[in-house]
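Any value given below was found using the heavy atoms of this structure, including those in side chains, with hydrogens, waters and symmetry copies removed.
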Amino acid sequence: MSLTVMDTPIRYGAISRLLHWGMALLFAWQFTSATAHWLFPDTPFEDFFWGTHYPIGVLLLTLAVLRAMWALANVSRRPPSLSVMAKLGHFALYGLMIAVPTIALIRQYGSGRSLDVFGINLMTGFEGEEITWMTDLGGLLHGELGWTLLALIAGHIVMAILHRQLTHHDVLSRMIR
């Protein structure tokens, strides 16, 4: 097995696989932090995970944008989608991976609070009244779209397994080997 950096029609290259599996681990952490915040408020468990939610969210947004750019750069080399539904599912995943943290950043800015991520000040914050439409947008959509993203991720995993079991299309091997 050779280590190919670029994607090929048979399998994804090393960069695509690194982005895919690295983000999968970060999403597992992120959804654990959201679950801890929702189910175990004011506990050491929540404190441990929730303190990482904002920086991991910014990191995931950055990686999602890089991943989308990499996918576009490799679009003619990538393994083909098996169906229109697979294409639409991936499009929805990419859209939500970018929309969910972007909405959180809009809410953060509208709140007037500063935002420091990994020691870098991304937003200085401001005095005065919050920008209601921004905080309302985040309150209305960030969590709901985040849980929708989790459902799509679960569906993505199930479909990779079902493709192998039912249609003998081993799509998972394209992202592993």
Side-chain angles (χ1 to χ4, degrees), residues 1-39 49 52-108 134 136-177:
M1 178 178 85
S2 66
L3 183 64
T4 306
V5 173
M6 304 300 281
D7 295 345
T8 71
I10 298 168
R11 66 182 40 93
Y12 294 95
I15 293 174
S16 292
R17 290 191 318 268
L18 178 66
L19 287 168
H20 181 273
W21 295 110
M23 289 179 71
L25 291 172
L26 289 171
F27 274 116
W29 185 277
Q30 193 71 335
F31 287 117
T32 300
S33 74
T35 301
H37 186 66
W38 182 49
L39 292 178
F49 282 102
T52 65
H53 193 79
Y54 287 81
I56 297 297
V58 170
L59 178 59
L60 280 166
L61 174 59
T62 303
L63 291 173
V65 170
L66 289 172
R67 187 172 174 186
M69 291 174 15
W70 183 254
L72 287 173
N74 279 274
V75 72
S76 65
R77 291 184 283 272
R78 298 193 124 192
S81 289
L82 296 180
S83 68
V84 171
M85 291 305 294
K87 283 183 183 182
L88 291 174
H90 282 98
F91 183 74
L93 283 167
Y94 276 96
L96 286 174
M97 286 189 295
I98 292 170
V100 172
T102 298
I103 290 168
L105 289 173
I106 291 169
R107 177 179 59 193
Q108 182 75 17
M134 290 180 161
D136 287 351
L137 176 72
L140 179 65
L141 294 176
H142 176 70
E144 287 74 5
L145 290 179
W147 295 119
T148 302
L149 176 57
L150 177 60
L152 277 176
I153 290 169
H156 177 70
I157 294 166
V158 167
M159 290 311 297
I161 294 166
L162 286 177
H163 272 292
R164 184 174 188 178
Q165 299 291 327
L166 300 178
T167 66
H168 304 292
H169 290 118
D170 193 7
V171 293
L172 187 57
S173 68
R174 301 186 316 186
M175 190 53 81
I176 292 176
R177 297 181 192 162

With a 3.5 Å cut-off and sequence neighbours excluded, list the donor-acceptor pairs that the side chains of residues 82-93 form with protein atoms.
from: S83; atom 1: OG; to: M85; atom 2: N; distance (Å): 3.3
from: S83; atom 1: OG; to: A86; atom 2: N; distance (Å): 3.1
from: H90; atom 1: ND1; to: A86; atom 2: O; distance (Å): 2.8

Report all side-chain donor-acceptor pairs from residues 139-152 shorter than 3.5 Å, counting only partners two or more places apart or in another chain.
from: H142; atom 1: ND1; to: V100; atom 2: O; distance (Å): 2.9
from: T148; atom 1: OG1; to: E144; atom 2: O; distance (Å): 2.8

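For the pair L60/M97, no side-chain contact is recorded, criterion being any heavy-atom separation below 4.5 Å from C-beta on. For the pair H37 and H53, the minimum side-chain heavy-atom distance is 4.5 Å or more.
In this structure, Q30 and S33 approach most closely via the heavy-atom pair O-OG, 2.7 Å. Smallest separation of non-hydrogen atoms from R107 and G138: NH1-O, 3.4 Å. Heavy atoms only, all atoms of each residue included: H163 and V171 are closest at CB-CG2, 4.1 Å.
Qualifying side-chain contact (heavy atoms from CB on, under 4.5 Å) partners for W29, counting only residues two or more places apart in sequence or in other chains: F48, F49, T52, I56. Contacts of R78 classified as side chain to side chain donor-acceptor pair (under 3.5 Å), with partners at least two apart in sequence or in another chain: D7, S16. Residues passing the salt bridge (charged side-chain N to carboxylate O under 4.0 Å, His left out) test with D136, sequence neighbours excluded: none. Under the side chain to side chain donor-acceptor pair (under 3.5 Å) criterion, T102 pairs with no residue, sequence neighbours left out.
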Stepwise side chain to side chain contact (heavy atoms under 4.5 Å, CB included) check, L19 with L63: CA-CA 7 Å; L19 287 168; L63 291 173; 4.0 Å; yes

Side chain to side chain contact (heavy atoms under 4.5 Å, CB included) assessment of N74 paired with M6: CA-CA 7 Å; N74 279 274; M6 304 300 281; 3.6 Å; yes

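Here CG of L18 is found 15.5 Å from OH of Y12. Values are rounded to the nearest 0.5 Å. From T62, atom OG1 reaches atom CD1 of I98 across 10.5 Å, with rounding to the nearest 0.5 Å. Distance check, rounded to the nearest 0.5 Å: CD1 of I157 to CG of L172 gives 10.0 Å. Here T8 contributes atom OG1 and R174 contributes atom CZ; the two are 9.5 Å apart, rounded to the nearest 0.5 Å.
Side-chain atoms of W21 never come within 3.5 Å of backbone atoms of I176 as a donor-acceptor pair (strictly under, hydrogens ignored). Judged by distance alone, with hydrogens and angles left aside, the side-chain atoms of R11 form no donor-acceptor pair with the main-chain N or O of S173 at under 3.5 Å.
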